[in-house]
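Being a predicted model, the structure only gives us computed values, none of them experimental. Letters go in sequence order (proteins before strands), and every chain restarts at 1.
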Amino acid sequence: MNAALNIPYRMGAALLLIADQTGGIAIMAGQVVRRLVPPRIDRYELFRNAYRMGVQSVPIIAATAGFTGALMVIQGAPIVERYNARNIIGWSAMFTTFRELGPLLIALMFNGRVGANNTAELGTMVVTEQIDGLRALAIDPITYLVVPRYLSIAIMMTALVIIGDFVAILGAMGMAWGILDVWPRQFYYSAMPMLQTWDFSVGVIKGFFYGNMIALTSCYFGLSTRGGAPGVGRSVNASVVAAASGVFIVDYLSTFILH
Amino acid sequence: MTITFRNIHKAFGPKKVLQGVSFTVRDGECFFIVGASGVGKSVLIKHLVGLLRPDDGDIFLDDTEVSRLTEREFYEVRKKCAMVFQSSTLFDSMTCEQNVALPLRKHMGLTMKDALTEARERLSQVHMSHFATAYPAEIGDGMRKRVAIARALTLKPSYVLFDEPTTSLDPVSARRTDVMIRELCDQFGVTSIVVSHDLVSIFGIADRIAMLYQGNVRLLGTREDFKNTDDPVVRQFMSGEAEGPMQV
Ligand SMILES: Nc1ncnc2c1ncn2[C@@H]1O[C@H](COP(=O)(O)OP(=O)(O)OP(=O)(O)O)[C@@H](O)[C@H]1O
Ligand SMILES: [Mg+2]
């Protein structure tokens, strides 16, 4: 094939692949929803996954959130100094962290830690025939494996955004105290009247959307793995990139809707 | 409780694996399938539990045609037709006893505690109770195979498919497995299909044997038929000669 035709051909192929994967993820979403009414959930799988995906992610998510809050203060510091506007530093740092950066960075971290792990685990189960083994025992892999993972990821991501928000406040307070001489008390009482509950809620709702994105994408790519260990590698790769792209798209759309 | 394959065809892309396989397994029979590596033995028995679908042909379990059932309808079939995979397929994230307890919990409605008690009982039948709390990665291939057998039998199936149950087992465990398979047929009336290369098992417990060769059944008969056959391909396979008419 000559070079001129090659470019549109490749773009077409890429588009078809994306359409195929988006469709696959949508079908998986439908399958999950159908099994949630009425809920048929394996409690042990749910708790096991919620623990290792959620509880064990708290340290890394807290670190991410703490640094995000602190960074926002560092970025705002020159302006605050110049206009001597110390009583807006709390608000400006928390506003952007709550609404945008906190959930986004937490989602990207969470995707790297939990999404990748989930895809790798399900992918390995496919290539070592454990999924077929499950089906042969008359146990539906979607009900038994995907539903608890979906719930764990979506709920834990939301919870981690809430936890992250509190840690971010601490990070920002510490940094404001350190470089701007704003006492935590002052920081708190200047920020709180200006922040609205909605600023906080927007971030939490976004976190829930991101959690859905990561959950469905990582399960889909895991279960559609083919071809041994290299196949698992490819799936993890594709899953992390697709979920991160999905998070950005959801972020963009939800920022318009939830203003 | 019979199993019938009628004219089964299956290809993976250009590679034709099964090309018109037909035979019937009788009620309560211990039926062996033999054949060279890659001939399609595992592929054939996976059709029975709906993990693969034939390109053409019918499969009857009792009198129901199963090959065109939906995945959901297949779950009922799988409860009475258990399968022990060649690769064991134990779940890595669970201990041996949790593996065996899983079908008990899911299908018999047992609580975790009761299911684990029952699972340990089942594991002792395959002489694996010492390893009940070990993870599959911590035990050998042969031991995993035995746990997989215990797990497959938890639901008291009427048909059992064994894919190379004695491969990688030591001779003692292999013979114990043979005895167990034979007992399933004789005492519980289970109809079983065993894929095996193990000549001791074959000539020890098989009621009838089918040899697959180049996508078809080459010979179907009793142990005596296989010992006395004139077919040079079957003779070469059974005696394990390197030289002969058999083509890979
Ligand atoms: N999912 C699949 N996709 C493509 N080809 C497959 C698939 N499964 C099996 N095959 C092919 O089908 C053929 C038969 O495989 P099968 O596993 O049934 O062999 P077998 O008779 O069980 O051999 P062994 O004694 O080594 O277990 C092989 O050549 C294999 O390459
Ligand atoms: Mg095989």
Side-chain angles (χ1 to χ4, degrees), chain A residues 27-28 30-32 34-35 39-53 56 114 117-149 152 218-219 222-229 231-232, chain B residues 12 42-43 45-52 70-95 98-108 111-113 115-116 136-137 144 147-148 150-155 157 159-163:
Chain A
I27 291 172
M28 174 152 289
Q31 290 173 327
V32 169
R34 234 187 356 221
R35 285 161 178 83
R40 279 167 285 170
I41 304 162
D42 191 274
R43 262 192 313 145
Y44 297 94
E45 273 291 297
L46 183 65
F47 290 143
R48 186 176 78 85
N49 283 305
Y51 178 75
R52 71 191 181 103
M53 291 171 165
Q56 294 190 333
V114 172
N117 175 298
N118 188 40
T119 305
E121 191 173 325
L122 289 177
T124 306
M125 291 185 78
V126 172
V127 300
T128 56
E129 291 192 301
Q130 290 176 52
I131 303 285
D132 281 348
L134 207 54
R135 287 166 65 203
L137 289 172
I139 298 170
D140 174 32
I142 304 280
T143 312
Y144 181 68
L145 290 176
V146 174
V147 168
R149 281 156 203 261
S152 297
S218 64
C219 289
L223 286 188
S224 51
T225 300
R226 297 288 172 271
V232 176
Chain B
F12 294 100
S42 300
V43 167
I45 62 172
K46 280 180 190 169
H47 281 82
L48 267 175
V49 285
L51 299 177
L52 292 171
T70 63
E71 175 78 7
R72 186 181 292 254
E73 289 165 334
F74 245 116
Y75 282 117
E76 288 313 308
V77 175
R78 290 169 186 158
K79 282 182 198 167
K80 51 180 193 173
C81 181
M83 171 154 176
V84 179
F85 286 71
Q86 190 167 359
S87 55
S88 300
T89 70
L90 296 182
F91 307 121
D92 294 326
S93 58
M94 300 181 198
T95 60
Q98 287 168 345
N99 263 283
V100 180
L102 183 66
L104 293 167
R105 270 201 305 126
K106 290 282 144 188
H107 298 306
M108 316 266 267
T111 62
M112 184 63 118
K113 193 162 157 282
L116 285 176
R144 279 200 285 271
V147 178
R151 186 179 70 178
L153 298 180
T154 44
L155 298 180
Y159 310 88
V160 188
L161 316 174
F162 295 93
D163 199 345

Roughly how far, to the nearest 0.5 Å, is OG1 of Thr128(A) from CG of Asp92(B)?
6.0 Å
Arg48(A), part contacting chain B, at a heavy-atom distance under 4.5 Å
side chain
Euclidean distance, Glu129(A) CD relative to Gln86(B) CD, rounded to 0.5 Å
8.0 Å
Neighbour count above 12 (heavy atom, 6.0 Å) for Phe12(B) CZ:
yes
Proximal component of Leu90(B), with respect to chain A [non-hydrogen, under 4.5 Å]:
backbone
So which heavy atom on Arg135(A) is nearest to which on Tyr75(B), and how close?
O-CE2, 4.0 Å
Less than 4.5 Å apart, side chain to side chain, heavy atoms only: is that true for Asp42(A) and Lys106(B)?
yes
When rounded to the nearest 0.5 angstrom, what is the spacing between NE2 in His107(B) and CG in Leu137(A)?
6.5 Å
Mind checking whether Tyr44(A) and Gln98(B) have side chains closer than 4.5 Å, heavy atoms only?
no
Please state whether the side chain, the backbone, both or neither of Phe85(B) comes within less than 4.5 Å of a heavy atom of chain A.
side chain
With side chains defined as the heavy atoms from C-beta onward, is the minimum distance between Leu102(B) and Leu134(A) less than 4.5 Å?
yes
Most contacts with chain A, counted as non-hydrogen pairs under 4.5 angstrom, among Met112(B), Arg151(B), Lys79(B), Glu76(B)
Met112(B)
Is there a side-chain contact between Arg78(B) and Ile139(A) in this structure, where contact means two heavy atoms from C-beta onward sitting under 4.5 Å apart?
no
To the nearest 0.5 Å, tell me how far Asn99(B) CG sits from Gln130(A) CD.
8.5 Å
